[in-house]
Amino acid sequence: MQQKIRRYDLDWLRVFVFGLLIFYHVGMFFVPWGFHIKNNIIYDWIRWPMLFLNQWRLPILFVISGMGTYYALSSRNLWQFNIERCKRLAIPLLFGMLFIVPPQVYYERLTNNEYFGSYIEFFTTKAFIGVYPEGNISWHHLWFLPYLLLFSIFLSPIFVRLKKKPSKLISWIRKKIQKTYGLYIFIFPLYLTEAFLEPFFPITHALIDDWFNFINCLVLFFFGFILIASGKEFWNSVDRIKSRALIIGSVTFCTLLIIWLQLEDSTYVHFSEALIKVVNLWSWILVLFGYGAKFLNRKSNLLAYCNRAVYPFYILHQTITIAIGYYIMNLDWGLVPKLILMIIGTFLGSWMIYHLIIIRIPILHPLFGLKKSYREAG
């Protein structure tokens, strides 16, 4: 059976998850966890909804990226695919590191009393000296791009081979996922990385020493390709499992809350928590794919616009969030006014830059990973 070239539900999920990123980074301004700048009052309770998002927000992005790779290779050979990946990932990354991220570092240095001059002075004298955090060169929130670029280049020969001649692995997966809980076979590789790598390699997003995060995201990216390669069996299976996955995800997240609040760390707790975490994150991924396929797989002009805008929004948003946060961090406004201002300000600022500037100046399009038209966007 010929598969659809475009899954509109995957486009909607991509827009939805990247949209959540704005809410998440605004939340980082208020929670106890480390961030580039912090509000004058910390609200501990905000970490709980953020911990819920943390379980599946980034994993599903890498799965969706792997799925998109399958479709991209349907119309490109290996060379064309990798050239296109470099254009859409490497160019925005370099541009972002040169012009989008430096203001974030500047506001952090001002906040920590590590710099006192103007931004122009900072940009022309200090911005590109040393590697962050000791120095100022960083990709900050753009870390997703170099990881995805390396995954794409590294796995593309394997993916091309799998598309030309499906392997025994694909056939085996097709059979397994037709069982009631067959899609949960994917938790086993995730459990191995969570149980045996996570304790030794804290997440840094620095690539060279980020072994748990790197391998875990690589596995998820690979899963995305394999799931789409399995064809209609995946979509039929995820439709059957979605309501059960919702129950499993709810129960496992509540269990994680009990572990985090009540239990002290130990070897037994760690290995148990690792299993519950991967079951939880995979359950929510299945929930989103299942209900997304049921309700979101339809074309619309709004989707075309959002799907094209989401990449520039991703590149721009954190700089705008931090800029707003810097000027209100010490004001005694309370949580709600600051939260509303930062969320609306980030969305509105990103939209104005995209709609009024980027989209109207074609020379800027490749710097933000944009293709030529809505029809090509994705």
Side-chain angles (χ1 to χ4, degrees), residues 17-18 20-59 61 96-97 100-115 122 126-127 129-147 194 197-214 216-217 256-257 259-261 265 270 273 277 281 314-331 335 338-339 341-343 345-346:
V17 176
F18 272 115
L20 285 177
L21 189 61
I22 292 180
F23 291 93
Y24 187 84
H25 283 153
V26 169
M28 288 294 294
F29 183 65
F30 298 99
V31 294
W33 309 330
F35 194 53
H36 308 294
I37 63 173
K38 306 295 291 187
N39 188 44
N40 58 351
I41 298 176
I42 298 301
Y43 299 90
D44 187 71
W45 65 267
I46 297 180
R47 66 184 171 136
W48 300 113
M50 291 180 65
L51 279 169
F52 170 70
L53 292 180
N54 250 349
Q55 302 309 299
W56 51 265
R57 179 180 56 85
L58 282 171
L61 272 181
M97 291 178 67
I100 306 298
V101 173
Q104 299 180 37
V105 181
Y106 171 69
Y107 284 118
E108 181 178 352
R109 299 305 183 216
L110 291 181
T111 301
N112 296 333
N113 296 318
E114 296 170 342
Y115 190 79
F122 174 81
K126 302 289 186 180
I129 297 178
V131 177
Y132 185 90
E134 291 79 12
N136 298 320
I137 302 173
S138 176
W139 48 50
H140 271 35
H141 67 294
L142 301 180
W143 69 269
F144 180 81
L145 302 183
Y147 283 60
E194 185 71 37
L197 290 179
E198 188 272 340
F200 305 104
F201 299 100
I203 296 175
T204 66
H205 299 150
L207 193 63
I208 57 174
D209 60 353
D210 199 21
W211 285 108
F212 161 67
N213 188 46
F214 184 89
N216 196 54
C217 294
L256 286 173
L257 291 178
I259 292 173
W260 294 332
L261 290 169
D265 194 22
H270 166 71
E273 179 190 4
K277 283 178 71 174
L281 78 86
Y314 160 67
I315 292 171
L316 293 167
H317 81 278
Q318 185 164 290
T319 298
I320 298 172
T321 297
I322 288 177
I324 296 172
Y326 175 78
Y327 292 105
I328 68 172
M329 59 192 298
N330 293 315
L331 299 179
L335 172 63
K338 288 185 177 182
L339 196 65
L341 177 62
M342 292 183 73
I343 291 172
T346 301

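Numbering starts at 1 and runs along the sequence shown.
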Which pair of heavy atoms, one from [X] and one from [Y], lies closest together, and at what distance?
X: Phe201; Y: Asp209; result: CD2-O, 4.3 Å
X: Asn40; Y: Leu331; result: ND2-O, 3.5 Å
X: Gly96; Y: Pro102; result: O-CD, 3.9 Å
X: Lys126; Y: Tyr115; result: CG-CE1, 3.8 Å
X: Pro32; Y: Lys38; result: C-NZ, 4.3 Å
X: Ala323; Y: Tyr327; result: O-CD1, 3.0 Å

When you check the side-chain N and O atoms of Tyr24 and Asn54, is any donor under 3.5 Å from an acceptor? yes
Does any donor atom in the side chain of Glu108 or Tyr132 lie under 3.5 Å from an acceptor atom in the other side chain? yes
Euclidean distance, [Y] [atom2] relative to [X] [atom1], rounded to 0.5 Å:
X: Lys338; Y: Tyr43; atom1: NZ; atom2: OH; result: 6.5 Å
X: Phe144; Y: Leu61; atom1: CZ; atom2: CG; result: 5.0 Å
X: Leu256; Y: Phe52; atom1: CG; atom2: CZ; result: 11.0 Å
X: Leu335; Y: Trp45; atom1: CG; atom2: CH2; result: 5.5 Å
X: Ile343; Y: Ile22; atom1: CD1; atom2: CD1; result: 9.5 Å
X: Ile320; Y: Gln318; atom1: CD1; atom2: CD; result: 11.0 Å

Indicate yes or no for a side-chain donor-acceptor contact from Thr319 to the backbone of Ile100 under 3.5 Å, with no hydrogens or angles considered. yes
Under 3.5 Å, side chain of Asp210 to main-chain N/O of Thr204, donor-acceptor pair present? yes
Quickly, which of His317, His36, His205 forms a ring pair (Phe, Tyr, Trp, His ring centres under 6.0 Å) with His141? Name it, please. His317
Walk me through whether Asn216 and Leu197 qualify under side chain to side chain contact (heavy atoms under 4.5 Å, CB included). CA-CA 9 Å; Asn216 196 54; Leu197 290 179; over 6 Å; no
Applying side chain to side chain contact (heavy atoms under 4.5 Å, CB included) to Val26 and Leu339, what does each step give before you reach the verdict? CA-CA 7 Å; Val26 169; Leu339 196 65; 3.7 Å; yes
Dump the intermediate steps for ring pair (Phe, Tyr, Trp, His ring centres under 6.0 Å) on Phe30 and Phe35, then the final yes or no. CA-CA 9 Å; Phe30 298 99; Phe35 194 53; over 10 Å; no
Parallel, tilted or perpendicular: ring planes of Phe18 versus Tyr314, cut at 30 and 60 degrees: tilted
